[in-house]
Amino acid sequence: VRVGNLMAFLQYASMILIALIMLAMTFVMIPRAQASADRINEVLLTLPSITDPKEPQKDSGLRGYVEFQNVTFRYAGAEKPVLEDITFKAKPGETTAIIGSTGAGKTTILQLIPRFFDIEKGTVLVNGTDVRKMAQKELRAKIGYVPQKASIFSGTIKDNIRFGKEDATDEEILEALETAQAAEFVEGKENGIESDIEQAGANLSGGQKQRLSIARALVRKPEIYLFDDSFSALDYKTDQKLRKALKKTTDDAAVIIVAQRVSTITDADQIIVLNEGKIAGIGTHQQLLAENGIYQEIVASQQAEEESA
Ligand code: UTP
Ligand code: MG
């Protein structure tokens, strides 16, 4: 046998071997691809559980009214309802605050207003109309929601604010930033509102992210404002200044604030004390301080914290 023949044989043999290995690998991949395709189809074929009514109700002409009537709600598959028999009213020009320990259901209450979930019992009304009888787009256009965790996207500051209102002008954006107490740090940047923000707001502080997220809700000029613990990362002074500026822009809107700090809500028109999904009391700061045990506890624990700090 000549060396050339031997080399050719080895080359061909290894080629065939590699092809066989590839074939075996394909057989491993097929069931995996099948499973993935099934899952993708499942997601694509899922029907949303929240749907618009066939004939949405006409606008009632009211502005800035939110009402809960004996609302009970549980998350899908949960054993216990997270909210039970919640009843309250929020009116335009008034501030309603919600306070309560972690896991009490504060965020859940806010999320029921734009109808992120459907409730089990009772009624959620916006401007006197059941939210299930409204077109979702119209309902959500009335609401400015600042979620508990600020979502900031990569892009310019302007882009981020425009998520609230696509065609917002520069003046509108600056006005919203001013009210949100964010104008100062934005103007301090080299390119102002055209400054770039990194993905998830990596080059911003927690309080800066919160204020941009507030400005995004303000630029919509909604009739219902929902703030979910949106002032927690702000220092006491900024918190106060922001709330004072808010008062001016929200004078004909309903404002619902979830707060951890009692100082944020002492001047609210009504405070709802939430305890394990139930309302433990509704009243002003003075009323609750005088007669509500749970509220007294919250106030006392925060005072103790301040003293030890
Ligand atoms: P919330 O998220 O409404 O509580 O959850 P909260 O009052 O706002 O709490 P903090 O102050 O932000 O921490 C209320 C309950 O609902 C359950 C949670 O486990 C909690 O006990 N939950 C929340 C779910 O089961 N599913 C969810 O998607 C969210
Ligand atoms: Mg929450």
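The first residue in the sequence is number 1, and the count goes up from there. Ligands are counted one by one from 1 in listed order, and the atoms in each one are counted from 1 as well. Since this is a predicted model, take the numbers as computed values, not measurements. Because only heavy atoms are used, hydrogens play no part in the values below, and waters and symmetry mates are left out as well, while side chains stay in.
Put simply, Gln148 gets within reach of the Mg ion (ligand 2), with an N, O or S atom under 2.8 Å from it. None of the N, O or S atoms belonging to Thr108 lies under 2.8 Å away from the Mg ion (ligand 2).
One distance of note links CG of Leu45 with CD1 of Ile40; it measures 11.5 Å at 0.5 Å rounding.
Contact analysis leaves Gln111 out of contact with ligand 1, as no non-hydrogen atom separation drops below 4.0 angstrom. Ligand 1 lies within reach of Gly105, whose nearest heavy atom is under 4.0 Å from it. Not a single heavy atom of Gly100 sits under 4.0 Å from any atom of ligand 1.
Residue Thr107 holds the heavy atom nearest to atom 8 (O) of ligand 1 of all those in Val258, Thr107, Leu274. Among Ile98, Ile99, Thr102, the residue whose heavy atom lies nearest to atom 13 (O) of ligand 1 is Thr102.
Hydrophobic clustering (ILVMFWY, side-chain heavy atoms < 4.5 Å, transitive): Ile272 and Val262 are in distinct clusters.
Looking only at heavy atoms of the protein, atom 20 (C) of ligand 1 is closest to Gly103 O, 3.8 Å. Regarding atom 12 (O) of ligand 1, its nearest protein heavy-atom neighbour is Gln148 NE2, 2.7 Å. Ranking protein heavy atoms by distance to atom 24 (C) of ligand 1, first place goes to Tyr75 CD1, 3.2 Å. The protein non-hydrogen atom at the shortest distance from atom 11 (O) of ligand 1 is Lys106 NZ, 2.7 Å. With hydrogens left out, the protein atom closest to atom 3 (O) of ligand 1 is Thr108 OG1, 2.5 Å, a heavy atom.
Side chains of Arg140 and Pro114 form a contact here, defined as non-hydrogen atoms less than 4.5 Å apart. The side-chain heavy atoms of Ile197 and Ile152, taken from C-beta on, include a pair separated by under 4.5 Å. Inter-residue side-chain proximity for Ile119 and Arg132 is flagged as met; some heavy-atom pair is nearer than 4.5 Å. At least one side-chain heavy atom of Phe185 sits under 4.5 Å from a side-chain heavy atom of Gln208.
In summary, the side chains of Ser60 and Tyr65 do not present any donor paired with an acceptor at a separation below 3.5 Å, with no hydrogens or angles considered. Thr156 and Glu194 are not linked by any side-chain donor-acceptor pair at a separation below 3.5 angstrom, with hydrogens and angles left out of the test.
At a 3.5 angstrom cut-off on N or O pairs, Val82 does not count as close to ligand 1.
Counting non-hydrogen atoms of neighbouring residues, nucleotides and ligands closer than 6.0 angstrom, the CD atom of Gln296 exceeds 12 such neighbours.
Interface atoms of ligand 1 facing Gln260, defined by a heavy-atom separation under 4.0 Å, are 11 (O). Atoms of ligand 1 lying under 4.0 Å from any heavy atom of Ala104, numbered from 1 in the order shown and given with element: 4 (O), 7 (O).
Within a 4.0 Å radius of atom 18 (C) of ligand 1, the protein contributes no non-hydrogen atoms.
No option in Val255, Ile256, Ile98, Thr95 other than Val255 meets the side-chain contact (heavy atoms from CB on, under 4.5 Å) test with Phe227.
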